[in-house]
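Worksheet: the structure to be examined is printed underneath.
All residue numbers refer to positions in the sequence shown, counting from 1.
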Amino acid sequence: TKVDPETRESRELVGVARGLAWTVNGGEIMPVEASVAKGSGALNLTGQLGSVMQESAQAAVFYARANAKHLGLDPSFQQKLDIHVHVPGGATPKDGPSAGITIAAALVSALSGKKIRKDVAMTGEITLRGSVMAIGGLKEKALAALRYGIKKVIIPEENIKDTEEIPKEQRNQIKFIPVKDINEVLNVVLMSDEKKVKIKQKTKAKIK
């Protein structure tokens, strides 16, 4: 099992999502960090990102803006905040659309203040409407997650058939979570406020 500071972080973090990338050397974990600060709507992207990945970040911001109310975000966040998306990992250039849902999850986490589960990795392209589209290199990406000790992997529903390419021994160790929409991703990875959940449970008990 490899050790990576982003995947071995002992705490759940706000704004840090774990994506999966395909490289010439195989799959690897690709952490995506999003943060916000007071500003006027600037979107800053750093970390050797190619043009396709930059478009994914723009699509993620558009989705968050268009669905702010549903996501529990301030509808005017882009007028008040600057957004910074960073993909650490040295000088290796990164590109391709498969980081779309990872960027969206990190962004919504940063805007909502909700932490992201650290035991889940994800891969999937996102459209402006929030649909999750198929990606390539699933076998390499899934095996990379396993190497880093992550056994829950969110994948596009269209990629379910590709799991058959993964050797059975490794495939049986991974829980694949197929999704069609970014909301399904957020429901899995965003952590609820535990206090609020407990309060709701107590209230229900009294009603009964």
Would you check if the side chain of Q54 reaches a backbone N or O of L49 as a donor-acceptor pair within less than 3.5 Å? yes
Is the closest side-chain heavy-atom distance between K151 and K175 below 4.5 Å? no
Are any of the side-chain heavy atoms of M30 and M53 separated by less than 4.5 Å? yes
Side-chain heavy atoms of V108 within contact of Y63, under 4.5 Å: no
Donor-acceptor pairs under 3.5 Å, side chain of residues 134-143 to any protein atom, not counting sequence neighbours: which ones?
residue	atom	partner	partner atom	Å
K141	NZ	S98	OG	3.1
K141	NZ	T123	OG1	3.2
K141	NZ	G136	O	3.1

Polar side chain donor-acceptor pair, H84 to S35, under 3.5 angstrom: no
Between D82 and A42 (side chain of the first, backbone of the second, donor and acceptor by atom type, cut-off under 3.5 Å), is there such a pair? yes
What pair of heavy atoms forms the shortest contact from Q170 to I166, and how long is it? CB-CG2, 4.1 Å
Do any N or O atoms from the side chain of E12 and from the backbone of K118 form a donor-acceptor pair under 3.5 angstrom? yes
Has R18 got a side-chain atom pairing as donor or acceptor with A145's backbone, closer than 3.5 angstrom? no
Here's a test for you: under side chain to side chain contact (heavy atoms under 4.5 Å, CB included), which of V179, T163, I174 qualifies with I155? T163
Are side-chain heavy atoms of L20 and I29 found at a separation under 4.5 Å? yes
Given side chains that start at C-beta, do those of N183 and L71 come closer than 4.5 Å, heavy atoms only? yes
Do V61 and V32 share a hydrophobic cluster (ILVMFWY, side-chain heavy atoms under 4.5 Å, transitive)? yes
Can you confirm whether T102 sits close enough to V87 that some side-chain heavy atom of one is under 4.5 Å from a side-chain heavy atom of the other? no
Side chain to side chain, V132 and K180, heavy atoms closer than 4.5 Å: no
Side chains of N159 and P178, heavy atoms from C-beta outward: is any pair under 4.5 Å? no
